[in-house]
Amino acid sequence: MEKKVKERREGLPPLPNAESGNVVLRFAPNPNGPLSLGHARGVVINAELARMYDGEVILRFDDTDSVVKRPDPEAYALIEEDFTWLAGRAPDRILRASDRMEVYLDYAAKTLSENHAYVCQCSSDAFKEFRISKTECPCRNRAVEDNIHMWGQMNDGTIQPGGAVVRIKTDMTLPNPALRDWPALRIQHADHPLVGDRYKVWPLLDFQSAVEDHLQGVTHIVRGKDLMDSTRKQTLLYEKFGWTYPETMYWGRVKVHEFGGFSTSQMKKDIQAGQYTGWDDPRLPTLRALRRRGYDAGAMRKFWIDLGLTQKDISVPMSTLNSLNAKAVDAEAPRLSFVSNPRTIELDITEIQMDKVTLPIHPEHPDKGVREWPLEDSPLKVKIAFEDFTSREARRLKDFADIAINHKKEVSRGWVGQIINIERHGNTPIIHWLPSNMAQPAVLLLEEEGELVVAEGLLEINDYPDGTVVQLERMGFAILEGIDENGARLLVRLHG
RNA sequence: GCUCGUGUGGUGUAGCGGCCCAUCAUGGUGGACUCUCAAUCCAUCGACCCGGAUUCGAAUUCCGGCACGAGCACCA
């Protein structure tokens, strides 16, 4: 008897019926804003599966609605950029549904002429009654020629928006009410931001996506389980054409504790209302905001891959992502000292024979070199945080000396301290500090429970370029981001 | 209401008839090390929704509950 050895599977589950080199996947967002954390799962999973099977991923813009979820012309480029950043590579093909209207309309005409669909003039309320009572709508038995004729009227504007819709003939007695004669195309006269008012009839997602998936040779669809009924509707259409529906897998609903759900249109409104500074406001769950805060694309990929491909509705804390990200970012993050709520202490250094303090750039990577803080005139003006200042016990200025603070003796704008000893012995509590000649004013932006908190302080002078992720000792990771209007160095806090 | 789906430690996840007194990650706790309240290391805590059935044996199959989620849009 042979004993099978079970091994823990790494990464994503295998795709059913997948042949390496012969897999086509797609990610199909609505371009009404840049990508958010909610979309990230779709990007990561599809790109990762394509990588595993040496296949392709299509980025398809499903922009066939210009009324309810109107496309934002700027979103196309933003999404493409977000996709490329997150996936670590560009999509293999990019498609815009609005560019492909002729194709969809041709297929619609074909569907009608083969009597697989009909033009329905019932209002949505009226049709709802038919659907609930499992009765066929009178429009259903219209002759093919009449359907074609009305199709022409839909397209030439004779029939007004709301006046008619094309429905796929399924079966009104189907157990699942969602599938009964589902709508495939509707009239929409609104100006499309990209193609204008050239088309009067636009396909709905179920039809557009079904046709396009077939045309593009999509072999596998991985999407949210809210689209399960969509799969069933589309399968019904595929059967009429004799096409084979792609293999389909689903994931459940995701929430991130800190953000709740992700509504692009809500964010857009809030930005317009001035509640946020833009799509990359650090409080927002957009990919660009996360990237601005210093999140690493690789850590984010790992995060979504680890969550797997289950149909369970999940709610994950950011701390999981943060932990992954800290691992990704730690080795490269130079250490810097940041002092919030600074207080000045004057130290007499005439007695000590030191002209500088030397600290490692990264304690675990000595090869990265050191930073040097020159010690100039005595008394030396030293900055420490107010929280560290209040104690009366001896403190260790990290990598320098033990000091005692005389709280009674106030000088100009600070207090006086004495150096007790240079060598470290015992475990005097360590505090962070900066000599004033190494300190530059800085502003640290923190996001705390949805609030933007601004912490002012002093940052160790450095010449790292903007965008560098640094570790502020004892505080956590942050990213350098330019100079503000008052000349202070700007930092955006990442996480601990 | 109808239809579909899901229920494994605090949070995710693996396992899908015996390897499971259940994996891994994250988290909690304790300790070691360290001139960071970080990192690293070591130890430890903690779960198969409930009830039946099938079986020598069930987290894994079946039936029935219960809970949660989604769809039933001229949105995607």
Side-chain angles (χ1 to χ4, degrees), chain A residues 3-10 13 28-32 61-71 97 120 122-124 127-128 131-132 134 161-167 174-180 182-188 201-206 208-209 223-233 250 252-255 257 264-265 302-303 305-317 319-324 326-327 330-331 333 335 337 359-360 362-364 396-402 423-425 427-432 471-477 496:
Chain A
K3 203 166 192 178
K4 262 194 301 183
V5 181
K6 264 184 211 163
E7 271 179 32
R8 191 182 132 72
R9 206 196 63 231
E10 277 296 320
N30 173 286
N32 61 345
F61 295 106
D62 282 350
D63 57 348
T64 55
D65 172 65
S66 27
V67 177
V68 183
K69 290 184 180 169
R70 190 173 172 79
C120 176
C122 302
S123 68
S124 59
F127 194 83
K128 193 177 283 176
R131 183 168 44 229
I132 292 168
K134 300 187 179 181
V165 65
V166 174
R167 292 187 182 279
L174 250 21
N176 186 344
L179 312 183
R180 298 172 193 159
W182 53 271
L185 299 102
R186 83 312 208 175
I187 302 170
Q188 208 173 252
V201 181
W202 287 80
L204 271 336
L205 168 92
D206 293 318
Q208 176 266 128
S209 175
R223 58 183 171 193
K225 70 172 181 183
D226 52 314
L227 261 17
M228 275 181 159
D229 283 346
S230 185
T231 299
R232 298 181 185 107
K233 289 183 205 172
Y250 307 93
R253 216 181 55 162
V254 198
K255 277 186 187 167
H257 294 344
T264 306
S265 36
K302 183 159 169 42
F303 174 72
I305 291 169
D306 284 356
L307 290 188
L309 198 41
T310 62
Q311 291 186 28
K312 229 159 119 177
D313 299 316
I314 57 173
S315 182
V316 287
S319 57
T320 306
L321 208 207
N322 290 346
S323 156
L324 251 27
K327 283 186 181 68
D330 179 71
R335 310 287 128 133
S337 193
L359 310 93
H362 193 300
E364 280 150 59
R396 176 83 185 165
L397 299 184
K398 185 169 179 291
D399 292 302
F400 178 39
D402 289 355
E423 288 310 310
R424 182 168 202 223
H425 35 73
N427 44 1
T428 320
I430 290 167
I431 61 173
H432 280 77
Q471 191 198 79
L472 305 178
E473 291 176 317
R474 292 171 77 217
M475 298 193 69
F477 297 94

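In what follows, chains are A, B, ... by sequence order, proteins preceding strands, each numbered from 1.
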With sequence neighbours excluded, what pairs up with A:F127 under the ring pair (Phe, Tyr, Trp, His ring centres under 6.0 Å) test?
none
Non-neighbouring partners of A:T264 that pass side chain to side chain donor-acceptor pair (under 3.5 Å), sequence neighbours left out:
none
Comparing A:V316 and A:Q471 on RNA chain B - which has the more 5′ nearest nucleotide:
A:V316
Nearest-nucleotide 5' precedence on RNA chain B, A:A326 against A:G163:
A:A326
At 4.0 Å (heavy atoms only), tell me whether A:T310 reaches a base, stays on the sugar-phosphate, or touches nothing.
sugar-phosphate
Derivation of the salt bridge (charged side-chain N to carboxylate O under 4.0 Å, His left out) call for A:R335 and A:D330
CA-CA 10 Å; A:R335 310 287 128 133; A:D330 179 71; 2.9 Å; yes
Which nucleotide in the list [options] gets nearest to the side chain of [X]?
| X | options | value |
| --- | --- | --- |
| A:P175 | B:C74, B:U3, B:U36 | B:U3 |
| A:K312 | B:A76, B:A39, B:U13 | B:U13 |
| A:E473 | B:A76, B:U36, B:C74 | B:U36 |

Take atom CG of A:N322 and atom C1' of B:A25, then tell me their distance rounded to the nearest Å.
14 Å
Closer than 4.0 Å, any side-chain N/O of A:R253 to the OP1 or OP2 of B:G69?
no
What integer number of Å spans the [atom1] atoms of [N] and [M]?
| N | M | atom1 | value |
| --- | --- | --- | --- |
| B:G51 | B:C66 | C1' | 10 Å |
| B:A47 | B:C42 | P | 23 Å |
| B:G7 | B:C49 | C1' | 6 Å |

Does the side chain of A:W182 come within less than 4.5 Å of A:D206's, by heavy atoms?
yes
